[in-house]
Amino acid sequence: MSIKNNLNIITNTIPENVKLIVVSKTQPVTSILEAYEAGQRAFGENKIQEMAEKFDILPKDIEWDMIGHLQSNKVKYMAHFVNLIHGVDSFKTLQEINKQALKNNRIINCLLEVKIASEETKFGLSFEEVVLLLTSEELKNLKNINIQGLMGMASFTENNEIIRNEFKSLKTFFDSLQKMKSFNVNPTILSMGMSGDYKIAIEEGSTMIRVGSAIFGSRNYN
Ligand SMILES: *Cc1c(COP(=O)(O)O)cnc(C)c1O
């Protein structure tokens with residue numbers, strides 16, 4: 001199957017209110033262009049430098065999302081162009097994003113990453129930490145960020161019930177945040193679902209899926 005075919009299968013089967021982010025990490029520019037020529041404009045990368053290099057050479061109407069874990073000292077390399085940062089999991093990182101957004105005279109859209117998987121390796125905030133962050137006085141000083149919702153990754157397991165329950169818990173929590181809306185908190189995006197579990201994620205209320213290998217084939221490394 002070609003990249004174009006794989007992409008069409010997914011875009012033709014997901015609901016209209018679900019946005020597909022094509023995860024192009026480790027993929028060469030030629031493969032990204034194949035998806036671009038099939039009409040795809042939203043791509044996700046997990047390394048800031050790799051994303052910045054691709055931004056420089058690829059068409060400028062591509063939206064670049066950062067989906068990986070962030071190192072604060074590298075935020076400056078993407079602040080001028082990044083569309084949405086999915087993996088924010090500390091106030092310190094938000095402060096750095098705000099600082100770099102201000103320098104670029106922009107407002108940068110962010111999602112807070114929540115840890116829903118049972119695995120030790122996954123990053124993210126607890127539900128309690130998200131509430132503390134969203135209700136903190138200090139958040140009001142960050143005028144150049146816009147928190148648009150949450151991102152989560154389910155456990156890496158064959159057990160669909162575990163995956164479903166993790167997504168369900170994130171959706172319930174996401175719904176509870178609607179009452180916390182403010183000038184820089186506007187929870188409309190729930191980013192959950194990857195190649196192996198996006199169908200379950202959509203059934204459980206995802207509004208944004210991040211899909212790589214189901215489109216490009218399996219990667220040799222992450
Ligand atoms: C790599 C990655 C994806 C895509 O994974 P696939 O299984 O290839 O679809 C989605 N989200 C994050 C955060 C990733 O790092």
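Just so you know, ligand 1 is whichever comes first in the structure, and atom 1 is the first atom listed for that ligand. Everything numeric here is computed off the predicted structure, so don't read it as measured data.
- Phe91 and Val131 fall within the same hydrophobic cluster, defined by Ile, Leu, Val, Met, Phe, Trp and Tyr side-chain heavy atoms under 4.5 Å apart, directly or through other members.
- A donor-acceptor contact shorter than 3.5 Å links the side chain of Lys115 to the backbone of Ala117.
- Contact check on Glu63 versus Arg41 returns no salt bridge, with no Lys/Arg side-chain nitrogen under 4.0 Å from an Asp/Glu carboxylate oxygen.
- Within the 4.0 Å heavy-atom criterion, the part of Val23 lying near ligand 1 is the side chain and not the backbone.
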Inset, instruction - Could you give me the CA-CA distance, side-chain angles and deciding distance for Lys181 and Asn186, then say whether side chain to side chain donor-acceptor pair (under 3.5 Å) is met? - result: CA-CA 5 Å; Lys181 257 175 76 76; Asn186 297 284; 3.1 Å; yes
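- Considering backbone and side-chain N/O of Met151, none are found under 3.5 Å from N/O of ligand 1.
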Inset, instruction - Go through the steps for Lys54 and Glu50 under the test salt bridge (Lys or Arg N to Asp or Glu O under 4.0 Å), then give the verdict. - result: CA-CA 6 Å; Lys54 288 171 173 172; Glu50 183 176 338; 2.8 Å; yes
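- Close approach of ligand 1 to Gly212 is summarised as follows: ligand atoms under 4.0 Å from at least one heavy atom of the residue are 4 (C), 6 (P), 8 (O), 9 (O).
- In summary, the atoms of ligand 1 found under 4.0 Å from a heavy atom of Arg210, numbered by their order in the structure, are 4 (C), 9 (O), 10 (C), 11 (N), 12 (C), 13 (C).
- At a heavy-atom distance under 4.0 Å, no atom of His86 approaches ligand 1.
- Of the listed options Met66, Met194, Glu45, Met194 places a heavy atom closest to atom 5 (O) of ligand 1.
- Counting only non-hydrogen atoms, the option in Gly44, Ser213, Gly68 that gets closest to atom 8 (O) of ligand 1 is Ser213.
- Atom numbering of ligand 1 starts at 1 in the shown order; those under 4.0 Å from a heavy atom of Val211 are 9 (O).
- Cluster annotation: Val88 is connected to Phe127 through the hydrophobic network of ILVMFWY side chains, with a link wherever side-chain heavy atoms come within less than 4.5 Å.
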